[in-house]
Amino acid sequence: MDAATEKRILDRIKDGDESGFEALVNAHSSKIIGLAWRMVGNREDAEDIAQEAFIRLHRSLASFRGDSSVSTWLYRTVTRLTIDHHRRQKLKRKIFFFRHADSEHDPYELAADPAASPGDQYLAGEAVDRLSRAVEKLSAQQRAVFNLRHHEELPLKEIAAVLKLEEGTVKSHLHRAVHILRKELKDLQGGLT
Amino acid sequence: MNDQRQALSCRPQQLLLYYYAELGAEDLCQVEQHLQSCSVCCAELGELQKLLDAVPVITPELSSVELGRFSARVMEQVQPQRRWLSRPAWGLALAGGVALLITLNLNVLLPESAPVQTKDPMMTADQDVLLNLELLQDLKLLEDLELIQELEQLG
């Protein structure tokens, strides 16, 4: 959606035309669900997060000044929501399974159904499974930066704006993320062609 | 000596930015020049390309029906009152409920006169689970629980 169309829709919404908001949801939902899905690894949570992002957007529309585009706003919100989601999941496991160190086996991961990851639904093969699992080893911020750069193809400058981080910090997260992926997939690299 | 100078100019951190086309004009020129003469960095870039090219750009595709359903769900959430009142069934149910409350004496609903109900233990357990799940969405609460757990461990 170009900037002029978006501005027209935002003006319509401010004039009380709710169909304008529906147009925004329709325009962005596919990308936003996709981003959340890659970040959390399952469709149900991804849809819940995307829904929450749109609800927050609706609440913020009255004060939406258009400093950033709607898509940047949504990317930022979804990324924050997924980071919170990961933090929440990690705390639940720590509290209820008494995991004291990240090196200990995670009961959720041990019990995880590999068929639940989005990659499995679209691509087959051991390498893809390994890649999906390797991405899960990244911290929430590393995963966010890697997803936004590699999958969404956002420039690092824009990622810095989305995540409200310094560009240097974004670069560090990206370097770290790729370093971890290389380490995790070392034995597979010969077959990754 | 030559090798030493070459090694000094190796900047492996730049290779990732080169791969993602994130270098400014000056850095890009330097890296390209360096790659022409450094086999180590060329090999490193090759490894990086092999890995990153193999990471699939997964775009989960949702059908138009699924996206329509999602959109309807969002719109239902953002316009609860309008949707709620616009449904005749809900309007009738609301009117019926109000009429029932007026017709029945409110005392019937007071605890002392309420009939004793036997609690279904399964239902109670389910309710507890639901309550717990709802509570567990509160990140602040989880952080507090973690802190308590850590303090307990410290004795």
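Chain identifiers are assigned alphabetically (A, B, ...) following the order of the sequence lines, protein sequences preceding nucleic acid strands; residue numbering begins at 1 within each chain. The figures that follow rest on heavy atoms only: side chains count, while hydrogens, waters and symmetry mates do not.
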Go through the atoms of A/A50 and report whether side chain, backbone, both or neither lie under 4.5 Å from a heavy atom of chain B.
both
When every non-hydrogen atom of A/S29 is compared with those of B/L67, the smallest separation belongs to OG-CD2, 3.6 Å
Determine all donor-acceptor pairs shorter than 3.5 Å in which one atom belongs to a side chain in residues 14-31 of chain B; sequence neighbours excluded.
unit_1	atom_1	unit_2	atom_2	d
B/Y19	OH	B/D53	OD1	2.6
B/Y20	OH	A/H150	ND1	2.8
B/E22	OE2	A/R149	NE	3.0
B/E22	OE2	A/L156	N	2.9
B/Q30	OE1	B/R11	NH2	2.7

Residue A/K157 excluded, over 12 heavy atoms near NZ under 6.0 Å:
no
So if you build clusters from Ile, Leu, Val, Met, Phe, Trp, Tyr with side-chain heavy-atom gaps below 4.5 Å, do B/M75 and A/L24 land together?
yes
Using 4.0 Å as the upper bound for N to carboxylate O, is an ion pair formed by B/R69 and A/E47?
no
Which atom of A/N26 lies closest to which atom of B/S71, heavy atoms considered
OD1-OG, 3.1 Å
CG of A/D48 to CZ of B/R73, rounded to nearest 0.5 Å, is 5.5 Å
Looking at A/Q51, A/H85, A/K31, which one has more heavy-atom pairs under 4.5 Å with chain B than the rest?
A/Q51
Can you check whether B/L62 reaches A/W37 side chain to side chain, under 4.5 Å on heavy atoms?
yes
Could you look at A/H175 and say if it's the side chain, the backbone, both or neither that has a heavy atom under 4.5 Å from chain B?
both
Do you know which of A/V135, A/L174, A/L35, A/N147 has the most heavy-atom pairs with chain B at a distance under 4.5 angstrom?
A/L174
Heavy-atom distance under 4.5 Å to chain B: side chain of A/I33, backbone, both or neither?
side chain
Tabulate below the donor-acceptor pairs under 3.5 Å that side-chain atoms of residues 159-171 of chain A make, not counting sequence neighbours, or state none.
none

